Every structure is written in C-alpha cells, then in structure tokens.
Protein chains: 2
Amino acid sequence: MTDRTTLKDVAKEAGVHVSTASRALNPLTSAVVNTDTLERVAAAARKLGYRPHPLARGLRTNRTMSVGMVIPDVENPLFGPIIAGAESVLVDDGYSVLIGNADGDPASADAVIASMLDRHVDGLILATAARTDVAIERARERRVSMVLVNRTIEDGSVPSIVGDDHAGIGLAVQHLASLGHQRIGHVAGPSKVSTGLGRRQAFLSWIQAVGLEADPDLVEEADWFQVEPGFRAGLELLRRHSEITAIVGGNDLLALGCYRAIRTLDLEVGVDVSVTGYNDIPLLDLMQPAMTAVRVPYRQMGAQAAATLLAQMADTGDAPPASIKLTPSLAVRSSTAPPPDQTNP
Amino acid sequence: MTDRTTLKDVAKEAGVHVSTASRALNPLTSAVVNTDTLERVAAAARKLGYRPHPLARGLRTNRTMSVGMVIPDVENPLFGPIIAGAESVLVDDGYSVLIGNADGDPASADAVIASMLDRHVDGLILATAARTDVAIERARERRVSMVLVNRTIEDGSVPSIVGDDHAGIGLAVQHLASLGHQRIGHVAGPSKVSTGLGRRQAFLSWIQAVGLEADPDLVEEADWFQVEPGFRAGLELLRRHSEITAIVGGNDLLALGCYRAIRTLDLEVGVDVSVTGYNDIPLLDLMQPAMTAVRVPYRQMGAQAAATLLAQMADTGDAPPASIKLTPSLAVRSSTAPPPDQTNP
DNA sequence: CTCTGCTCCGCAAACGATTGTAGTATCGTA
DNA sequence: TACGATACTACAATCGTTTGCGGAGCAGAG
C-alpha cells in the first residue's frame, strides 16, 4: 500500500524542518522563509506529489473547508440549479459541499443541520422553510456563517438570497394587463409559506398598480404547491368568477393544475383563459400550450448565496446581513394571449 | 464563546482518564470498561452534551465517515432521486454525502474525484460517464471503495447499479406489440453512451422476440439525449418509413422530440403514431397526450448503490463486485394506443 | 505465602498539520 | 572586535481522539 506522503516526508526531502516546510507551502507565511529554501521545499512537494491532509489541518485550524447545504427536497428539480450554482463557486475557493436532504420534513431538517454542525462545517446554506428557527438559533450560537436561499426568515437576521417575488408577479400581471385582460385571478400557494403569502400580496398590489380592481375574492389559495391542489383551486376560482380571462399561478405546478381546471370547464387555455406559471421549471415549453412563466434565475441564486457565504466567512463576523433579491424575467409563450373578444362572440 | 466540550472534559467530569472515557463511549471497546464507570462516563457525556470531534477522530482512525457522490449534471432532474436515495441510507449509517458536480465535462469529473480523494472520503458513488477510467484507476490505487450508478463500465471491475435497459425496452416493445403495432421504430440515443447503445440493441432483440422483423433501418440515432435531436431523428425516421405506427424513444426527451416530429407531419400522437418514453421524468403525465414511459426506480437505485457501498466498505476488501440491475416498470398513459385501422380509414 | 491470571484503568505515543517562541547565523555598524 | 539588529529556521506544543502497552489491584490456585 503506497502510503500517503506527509509534510514530514517533504521536509526530509528538502532537508528542512517540518515547520519550515509548512510555512513555505502556505502562501500567507511563505514570506518569512528564504527564497531558495522555499524553492527547494516547493520542488520536493511537487516531486513527492504532496497533498495536505485536510483533517490534520482542520483539526489545528478549526476549519473544515466544507459547507453544508440543506435542501428541503432534493427530488424537486427546482433545487438542482441552486446546488449547481453554489457548488461551482464554492469549489473555486476550495470548499466542498455537504448535501443534506430534509425530505420535506422540518424536523428532519433540524437533524440534518445538527449533524452538519457536528461535522464542523464552516458555513451553511439553507434552502429549508422558515420553521427551522431552532436550528438557525443553534447555528448562530456556534458562530457558524449562514445564508438562506430561496426562502427567507421574517426578521431578516440572516442574510438571504431570494427571488424578487414582487417584481416577478409584476411581470406576469403587467404582461396580462397589457394584453387587455380586465379580470385576472390568482391561484396562490399556501400562505404559511413565505413565497405563497408574498406572491399573493404582490398580486393584489400589482392589480391595483395597473389600474384594476383589487378584489381579494379573485384569489384562491391552494393547500400546497402541487398540480392537484392547483386544479381544485383553479376550478373553484373559475366557478366563482366565470368572467375571469387570466390566471396568475403561484407556481408552475399550480398553473398546470389550472390548465386542467380550464379544460374541465370546456374552455381553452391560452384562448379563453390565459395562464402564467412561476419558476419556469423544465419542460414547460413543451406543454400544450407552452406555458408563459416567470423565470427565476436559480443557478445564479445558488451562486450568489455561495458568494455571500464566502464573504461572510472571510469577514471578521460583523458583516451587515445583506439580503439580496434577484430580479426574475418573463418567458412569454403561448399560454397567454389577448382575452377573447366579448363584443362579437 | 461557548467552547466545545471535549473528551477531556467528560473524563474530568467522570473522574477518569481520557482514554477510559474514549473506551467507554465507543461501543466496540466498552466491554473492557467496568459497568459503573461506564455509566458514570455516559452520564457525564450526556450532561455536558459531548459530541466527538470528527476531525480528530478521523485523523486517528483514517476514516472521515463521508462519501463522495459525483454527478455528471446536477441540474438534470434525473439525479435528484438518486441523490436522495443514496443520502437517505448513508445518513442512517452516520455518513455524510459530499456532492460533486461535473457539469457535463469528463475532465471536470476527474478533478472532482481527485478533490474528493484529497479529502479522504471513505467511498465514492459515481454517476459519471464511462470515460473516467483514469480517475477510477487512481481511486482504486488509493483503495477507496467505489460504486457506479446509472452508468456502468465495460469490464465490470467496479460494482454498478443500473437499470435493466433490456427489460425496460422489452416492456415498451411488448406493450406496443400487444396493442397490435407491426412497424415499430426506435429513436436511439448516441451509441457512444452505454445506455444509448444498450437500448438500441435491446430494441432490435425484442422486436425479433415478439415476432416482428428486426430491420436496423427502423432505428434512427440522435446526437444527444435532448428534445431537439429527438425531433430531427424522429422526423427523419417517419419520413423514411411512413408506415411506422409506433416509436420507442431512447429517452423521455427524445420521445418528446418525436411528439413534435409527429405533429410536424400533421399526424396525431397516440392516434396515428404511438410513442413511449424512457425514464419517466416528472411532468410526463401532464403532457398532451400524457406519455407512456418506462419508469426506472431511480430513488431505489441510489439507495441500492449506497447499500452496496456500505457493504463494500465494511468488508475486508475482497468482496465480489456484485453488479445489480434494477427492473423497471411501465407507466401506461395515453400516448400509446392501438394502431389506426388501415382497412377502413 | 507466593505465584499466576484476570480485570480494569492510566500513560503516552501516535495521526498530520499549524504556530508561538527561541535560537543561530549573518550582517552592519561603532 | 564586539554588539545589536535582522533574517531565517528549528523546537515543541497543540488540536481531540484512538489505542498498544504496562501496571495496579485482586482473587484463586498451588
């Protein structure tokens, strides 16, 4: 078994003490070592293919060069880009990413966070819902850097990177209004989740902003961000207000549920009733009709979260918890069109 | 700053030497320590909330209790379930999962693997393509346990967990044949990828098995597992053989490309031409028409990979590299139907 | 009464790095 | 020549555990 080459080996090869070798190899301390011994050590390290032992280093320096990412549900395609974005910038700085799946369960998220803290991660990126306050508190006690992504917490005490839901809903509402829609409904996500509530409020505010009547009755809440609840809510909404010609979905899946609701009423999506989604998950462009959706830059979101975390870890600790909202864009497809002409049916 | 409680603290609290405390807390060595001192140590540990320091332990025992997962492309929704499945069983055994994204680039995959080896992961789960032989070789030199998932390597020297493509294609072909289709085409993935080639061969073999003519001209290869190449290949195939009434897609996205090709020719999916997908990615059931697809148990695949890895790490090293094929199932939806009746059009 | 064997626990050396401190040349200057 | 400053480098402690080894205490056998 080829034993790993240690710093001692390098030192011996270069004919210096191990501490000198350490200093030579560390960019921060290499200034204090003579130029040609430095060269000698570097050569020896290169020759022996020396790789520092992260555990030994971490034990001494109290840093693991790893960050934990807690994902509420890895199977949700939404989080792929977030992970990829974060990973790509963290790797560049030499960090490794520990992934933790909460499987949709807040208690499980707590356990995952605890396990990561046990492992001495240098930082945490949390994509989990708001109800992990305990875990967040515990993490803060341990003075672990933290960034929230995609979801945020009420008091803003932890920096968070989220999509600008207000702006995103604005894009959808403005788009529909400019097409000529007068009665626009909203199928909202559960209001116990920040995104559900936020988008609902944004919807009402924008409806007013474009000069329409902000009738709370035009909003129907779905139990959960899924197709089936979206279907039920959409159906209810359309039954209650048959005059609705457009629906802003709180989510792509909710919007897809609305597709079904519209068809159930023998109407046509994108003709009788326009629909917009939110998030722009893959394959939306292949739906019939292709769905117009607010696109949230998830990969960038992950990258930004990682960058923020790095900054926070580098700082002495008194960094201002800068929360960032990323502005979404609108992917216009064929599920939205001018309302049917009522004058000559 | 509340300093972490160390084993020394526990030992002092219990009035024993640190080594005794260590033995008491370790289930494997606790037999050698007296029952009531053991109790005392356990009580002290509990009282102080002692958590062993993984770095210190790992440094001594040469184990990090972490495994690396290398994913070719985290943004591909396919890998979510694999990750989730693996994570769930690894966590139960106290392992953490290090995620590495190769971003579709084999060279990047090598770098990721190297970085993980530097970090002394105890095992590797590789979902990357076949061309990482160098990295695999290097890993084997380091005597790191390894399992391949979703893709396999030619010589079978590394245990792999893959879907049974032969059986899966069989499900699709048998289903179509039993509906009465006589001329069935196949839009294959690139043959340089094992799944592309394997499914193509399986297709021809099954066509013969159900008593149809295995005409290689009924297979059209797409450049890549994406919608657009699938569209082009499907169009080419249908132009060449207008008698085709069913297409077996090498992939869900290829099959979706075929949807478009069929429509381009003014035909109707699930009426004039039946289509089957492969993998059963999310949202296929919401397509128009809902797509019949071979469903691969990805979550189970991840879990199985993790279990195999655990077994391999536990063994002394001379475990038989048992490769496992998971049998898929068929989700029948409305993109497949009996062929149009040619006698009375 | 001594010797052997057993059980339990403490001592100290690792594991591989980082880092404060002390020591030794070397040089310049008086 | 001697002395102080400067520039490197070696020594050794340390991070928190694990673990081989030896020693203390005690009981039973001869």
Side-chain angles (χ1 to χ4, degrees), chain A residues 1-42 44-45 48-66 94 117-120 122 142, chain B residues 1-42 44-45 48-66 94 117-120 122 142:
Chain A
M1 55 188 80
T2 62
D3 258 351
R4 162 187 212 84
T5 79
T6 164
L7 190 58
K8 206 190 298 182
D9 302 331
V10 175
K12 197 182 300 175
E13 171 78 19
V16 296
H17 192 263
V18 45
S19 66
T20 309
S22 169
R23 276 185 258 261
L25 261 25
N26 187 338
L28 288 113
T29 55
S30 63
V32 83
V33 45
N34 196 355
T35 318
D36 52 337
T37 56
L38 188 151
E39 189 52 52
R40 234 170 44 244
V41 172
L48 299 181
Y50 167 70
R51 324 251 57 194
H53 196 309
L55 294 191
R57 168 179 300 183
L59 180 58
R60 186 63 226 259
T61 62
N62 236 333
R63 307 185 62 211
T64 53
M65 294 303 280
S66 67
L117 290 179
D118 277 354
R119 279 192 177 263
H120 283 115
D122 296 334
R142 295 268 208 103
Chain B
M1 56 189 79
T2 62
D3 259 350
R4 163 186 211 85
T5 79
T6 164
L7 190 58
K8 206 190 299 183
D9 302 331
V10 175
K12 195 182 300 176
E13 171 79 20
V16 296
H17 192 263
V18 45
S19 66
T20 309
S22 170
R23 277 186 260 260
L25 261 24
N26 186 338
L28 289 116
T29 54
S30 63
V32 82
V33 46
N34 197 355
T35 317
D36 52 338
T37 56
L38 188 151
E39 188 52 53
R40 233 169 45 244
V41 172
L48 299 182
Y50 168 71
R51 324 252 56 193
H53 196 308
L55 295 191
R57 167 179 301 185
L59 180 58
R60 185 66 225 259
T61 60
N62 236 333
R63 307 186 61 211
T64 54
M65 294 304 278
S66 66
L117 290 179
D118 278 353
R119 279 192 176 264
H120 283 107
D122 295 335
R142 295 267 209 103

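Hydrogens, waters and symmetry mates play no part in the numbers below; they use all other heavy atoms, side chains included. Every chain is numbered from 1, with letters handed out A, B, ... down the list of sequences. Nothing here was measured: the structure is a model prediction, and the numbers come from that model.
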Show, in sequence, the C-alpha distance, side-chain angles and deciding distance for B/Thr37 and B/Arg40, and conclude whether the side chain to side chain contact (heavy atoms under 4.5 Å, CB included) test is met.
CA-CA 5 Å; B/Thr37 56; B/Arg40 233 169 45 244; 3.5 Å; yes

Quick one: how far along DNA chain C does chain A reach, first to last nucleotide 5' to 3', anything under 4.0 Å to a heavy atom?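 The contacted stretch runs from C/dG16 to C/dG20.
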
Task: Positions of residues 50-58 of chain A (non-hydrogen atom under 4.0 Å from DNA chain C), listed by number - done: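 The stretch gives A/Tyr50, A/Arg51, A/Pro52, A/His53, A/Ala56, A/Arg57 as the residues lying under 4.0 Å from the strand, ordered by number.
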
task = Enumerate the residues from residues 20-27 of chain B whose closest heavy atom to DNA chain C is under 4.0 Å, giving them by residue number; use none for an empty result.
result =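 Residues of residues 20-27 of chain B that come under 4.0 Å of DNA chain C are, in numerical order, B/Thr20, B/Arg23.
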
Show the nearest heavy-atom pair for residues [X] and [Y], with the distance to one decimal.
| X | Y | answer |
| --- | --- | --- |
| A/Leu25 | A/Val41 | CD1-CG1, 3.5 Å |
| A/Tyr50 | A/Leu7 | CE1-N, 3.4 Å |
| B/Thr6 | B/Asp9 | N-OD2, 2.8 Å |

Here the gap from A/Arg23 atom CZ to A/Thr20 atom OG1, rounded to the nearest 0.5 Å, amounts to 6.5 Å

Discussion item. If you apply the rule side chain to side chain contact (heavy atoms under 4.5 Å, CB included), what do you find for B/Thr35 with B/Leu38, and how did you get there?
Written reply: CA-CA 5 Å; B/Thr35 317; B/Leu38 188 151; 5.6 Å; no

Looking at residues at least two apart in the chain, or sitting in another chain, which of them share a side-chain contact (heavy atoms from CB on, under 4.5 Å) with [X]?
| X | result |
| --- | --- |
| B/Ala56 | A/Leu59, B/His53 |
| B/Asp122 | B/Arg63, B/Thr64, B/Met65, B/Tyr95, B/Met313 |
| A/Arg60 | none |
| B/Arg51 | A/Asp118, B/Arg4 |

For [X], give me all partners under side-chain hydrogen bond (donor to acceptor under 3.5 Å, both in side chains), at least two apart in sequence or on another chain.
| X | answer |
| --- | --- |
| A/Ser22 | none |
| B/Arg119 | A/Ser96 |
| B/Asn26 | none |

Contacts of A/Val32 and A/Val18 projected onto DNA chain D by closest heavy atom; the upstream (5') one is A/Val32

Atom [atom1] of [X] to atom [atom2] of [N]: distance rounded to whole Å?
| X | N | atom1 | atom2 | answer |
| --- | --- | --- | --- | --- |
| A/Asn62 | D/dG16 | CG | C1' | 10 Å |
| A/Asn34 | D/dT6 | CG | C1' | 13 Å |
| A/Leu59 | D/dA13 | CG | P | 17 Å |
| A/Asp36 | D/dT9 | CG | P | 7 Å |

Return all side-chain donor-acceptor pairs below 3.5 angstrom for residues 10-18 of chain A, not counting sequence neighbours, or 'none' if the list is empty.
from, atom 1, to, atom 2, distance (Å)
A/Glu13, OE2, A/Lys47, NZ, 2.8
A/His17, ND1, A/Ser19, N, 3.1
A/His17, ND1, A/Ser19, OG, 3.0

Angle separating the five-pair end axes of the helix from C/dC1-D/dG30 to C/dA30-D/dT1, nearest 10°, is 70°

Closest to the 5' end of DNA chain C, once B/Val16 and A/Arg60 are matched to their nearest nucleotides, is B/Val16

| field | Position toward the 5' end of DNA chain C (nearest nucleotide), B/Arg40 or B/Thr61 | value |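 With B/Arg40 and B/Thr61 compared, the 5'-side residue is B/Arg40.
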
task: Pick base, sugar-phosphate or nothing for B/Thr6, based on heavy-atom distances below 4.0 Å to the nucleic acid.
output: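 Counting heavy atoms under 4.0 Å across all strands, the contact made by B/Thr6 is with sugar-phosphate only.
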
Exercise. Could you check whether A/Thr37 gets within reach of a base, just the sugar-phosphate, or nothing at all, counting any heavy atom under 4.0 Å?
Key: sugar-phosphate

